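The next block holds one structure in the form of structure tokens; read it before the comments.
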Amino acid sequence: MTQVLKVAVPAPLAGALDYLPPRGAPDIPAGVRVRVPLGRRAVVGVVVGRGPAAVVPDRLRPVRAVLDERPVLDGGLLDLVAFAAGYYHAPLGEVLALALPAPLRKGAPAQPRRPLLWRLTAAGRAAPAAALARAPRQRGLLERLRAGPVAAAALSAEDRRAAAALAARGWAEAAPAPVAPPDPGVHRPALTPAQGAAVAAVRAAADRFAVHLLEGVTGSGKTEVYLRLAEEAVARGGQVLVLVPEIALTPQTLRRFRARFGGRVVAYHSGLAEGERLAAWAALREGEAAVALGTRSAVWLPLPRLALVVVDEEHDPSYKQQEGPRYHARDLAVWRARRQGCPVVLGSATPALETLHNARRGRFRHLRLAERAGEAVLPRLELVDLRREPQAQGIARRVLAAAEAELAAGRQVLFFLNRRGYAPTLLCTACGWIAGCDRCSVRLTVHGAGAVLRCHHCGARRRPPPACPACGGALLGVGRGTERVEALLRARFEGVPLTRIDRDRARRRGALERLLAEVAAGGPRIVVGTQLLAKGHHFPDLTLVGVLNADQGLFGADFRGPERAAQLIVQVAGRAGRGRLPGRVLIQTHAPEHPLLQRLVREGYAAFAAAALAERAAARLPPFAHLALLRVEAVDAAAAEGFAAAAAKAAAGLGEGVEVLGPAPAPIERRAGRHRWQVLLRAARRSALQRLLARWAVRLEGLPGARRVRWGLDVDPLEMA
DNA sequence: AGCACGCCGACT
DNA sequence: GTCGGCGTGCTC
Ligand SMILES: [Zn+2]
Ligand SMILES: [Zn+2]
């Protein structure tokens, strides 16, 4: 039998393809990139192993070129890629692509180049301001460099040419960036007893796999625990992976890590340029960097000396990828730590129910930081019954009065409403017509106090009609979003500085950070916002939080709605009453008797979680059952439905112990012009579900119409929409 | 995913 | 008679 190289290629194939080794290099180690022929093009693949050929010898073609001297992926990462491809039923090449920065996927050399830093020479600094009038690129760069050195990797191609031109004039130069030392005067706060106990518990098993759930409210000092453990791991020569949610990777967070680790920490997130990503990747691979601080995709970074994994805000839904291979970074981080034999710390004020369940079963160790660090007191939660309380425009008088009192006392107040825009519905008062999106089966949201209608699912925008297109009646914006609440509060609290914080106000990079910093600095006295407010900054003057609509998640179709709602309420509540001031949280609801809400308000998140888990158990929902979702979408409604129906039929006889639910239209039946259907699988055992999925995935590809629809499997789906 | 092949409608 | 539509199949 011919010995071949197993090569993963960028094509939607479940496994690797066989290639003959190139002449003179029979033994290429796994993890090395190769250029191989695929059909009639040449692609970059990655060797994942060796073995006897699985196809007849005359189909075998040779590897054309070997691109690396050393593997770009070590055994641990290759295993992670293979596991994820299998578990999430995603093509191997697609998962592999996640683990390689774009330049490497295109075949660029992986050899580490020390990151270069452009800076001005003395002559450049002395250059007259009016210089380079006829070279705007160079002039722009000159001005940029006056503010400080700029990483070469951060320059666009045009700026790179401009930099070379400036160098030719003797005004600028590129030099290797020095690795900054940690801040020598860094303040290491004394650990509270609970923090000390948590550090000790993880340290006691620092050299083997264990999952520690670190539960602690906002302000309890989880980050300090991470930092201490990371310092110890780095001191032993290890590397640390720290995952944070998308919106938490702020300059402030990075500064905190830089103070401890200097230039040995690298940030990794979607906002980086390709070159910066490659530089971070290379620094970790070479061990020059010791700490990777990043969002979801950082779970794929090379960490040959990985000694500790931290997943902060482990319950955060942004860890689940919602396209392509739908992996969960927290779950993969745990898998990676097990493979590596190192501890994982999952931190949260509001752990995911799955995580709490694992802790209760003894799979995870449960560490608690009960008290707040310093003298801060936890805020008190109170329900406000919207059915009884007199109200103005959806805000109870009692809430407004409480806000007024706090403002008068010089405090800040926050209104939380997880709904952007002015009004969620535009309604005809005469006939009941509702403005809907042409391309989606959803209502359009009124923005700009009625100036524009927007679809939050496909981005469509249009002017609202002057009158009802059906009957000519008058149109009315019904319901409230943050924009409208902003307007109401501006009218009610005239002259009080107010800011609104939502995705519409914080579109550009850094805008959110700036808005939050303004609040922390005390400028705005009233804050209105969405879940963007749930994380990060400490608002020392904030003493009152109004949750305007607690019912939103409580009564939604998604079984995770209550969990998500409780997490948001607790996190937003965490903004209040840090420092010595006690905080108060008023929660508006139409269902104050709701048992889960009662539990949350009276006994806190842990009691809520216990009750919610009991409901999940009774309903046979995760974590007491395992789900997988087949999502199908197509412009042609019948094609989507037909494929989903055929898929459901194909699943029926495929395995024991798996329920097939559906086909059914997705909760949002049409989105961006595509009709959406789904089939849900449920099993008591993960193994039974996986067995069925493996067989099903193969059949699905061969189903008629598989090429006419878009379809994909979502294992452990977070959102059913 | 690409990229070919192939088999039917309307065009120089 | 050909140009091109996109359904189907394959890539070691
Ligand atoms: Zn009407
Ligand atoms: Zn839409």
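Keep in mind that this is a model prediction, so the values were computed, not measured.
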Are more than 12 heavy atoms from other residues, nucleotides or ligands located less than 6.0 Å from atom CZ of R454(A)?
yes
By a strict heavy-atom criterion of less than 4.0 Å, which residues belonging to residues 633-646 of chain A are in contact with DNA chain B?
none
Of the residues in residues 32-55 of chain A, which ones touch DNA chain B at a heavy-atom distance under 4.0 Å?
R40(A), R41(A)
Considering only distance and modelled atom types, tabulate donor-acceptor pairs under 3.5 Å from the side chains of residues 692-702 of chain A, sequence neighbours left out.
{"residue": "R695(A)", "atom": "NH1", "partner": "L654(A)", "partner atom": "O", "Å": "2.3"}
{"residue": "W696(A)", "atom": "NE1", "partner": "A647(A)", "partner atom": "O", "Å": "2.9"}

5' to 3', nucleotides 4-10 of chain C under a 4.0 Å protein heavy-atom cut-off (B base, S sugar-phosphate only, - none) gives ----SBB
Looking at R137(A) and D159(A), is there a salt bridge between them, counting it only when a charged N and a carboxylate O are closer than 4.0 Å?
yes
Tabulate below the donor-acceptor pairs under 3.5 Å that side-chain atoms of residues 43-53 of chain A make, not counting sequence neighbours, or state none.
{"residue": "R50(A)", "atom": "NE", "partner": "D27(A)", "partner atom": "OD1", "Å": "3.4"}
{"residue": "R50(A)", "atom": "NH1", "partner": "D27(A)", "partner atom": "OD1", "Å": "3.4"}

Where along residues 81-91 of chain A does a heavy atom fall under 4.0 Å from DNA chain C?
none
Fit a plane to each ring of W300(A) and Y327(A), take the angle between them on a 0 to 90° scale, and name the class: parallel (under 30°), tilted (30 to 60°) or perpendicular (over 60°).
perpendicular
Using atom CG of L13(A) as one end and atom P of dC12(C) as the other, report the distance to the nearest whole Å.
10 Å
Using 0.5 Å steps for rounding, measure from the CD1 atom of I668(A) to the CD atom of E633(A).
11.5 Å
Answer yes or no: is there an ion pair linking D716(A) with R326(A), defined by an N-O contact shorter than 4.0 Å?
no
For residues 644-669 of chain A, the salt bridge (Lys or Arg N to Asp or Glu O under 4.0 Å) pairs (sequence neighbours left out) are R620(A)-E659(A), E659(A)-R682(A)
Which residues share a side chain to side chain contact (heavy atoms under 4.5 Å, CB included) with D438(A), sequence neighbours left out:
R462(A)
salt_bridge(R420(A), D502(A)) N-O dist < 4.0 Å
no
Taking only residues at least two apart or on different chains, which pairs with a member in residues 266-281 of chain A satisfy salt bridge (Lys or Arg N to Asp or Glu O under 4.0 Å)?
K106(A)-E274(A)
What is the distance, to the nearest angstrom, from the CG atom on L17(A) to the C1' atom on dT11(C)?
7 Å
Who are the side chain to side chain contact (heavy atoms under 4.5 Å, CB included) partners of A30(A), not counting sequence neighbours?
L78(A)
Decide if atom CZ of R305(A) counts as having more than 12 heavy atoms of other residues, nucleotides or ligands within a radius under 6.0 Å.
no
Can you pull the contact range of chain A along DNA chain B, 5' to 3', using atoms under 4.0 angstrom from its heavy atoms?
dA1(B) to dA4(B)
Tell me whether R463(A) at atom CZ has more than 12 heavy atoms from other residues, nucleotides or ligands lying less than 6.0 Å away.
no
Quick one: list whatever passes salt bridge (Lys or Arg N to Asp or Glu O under 4.0 Å) with R670(A), sequence neighbours left out.
none
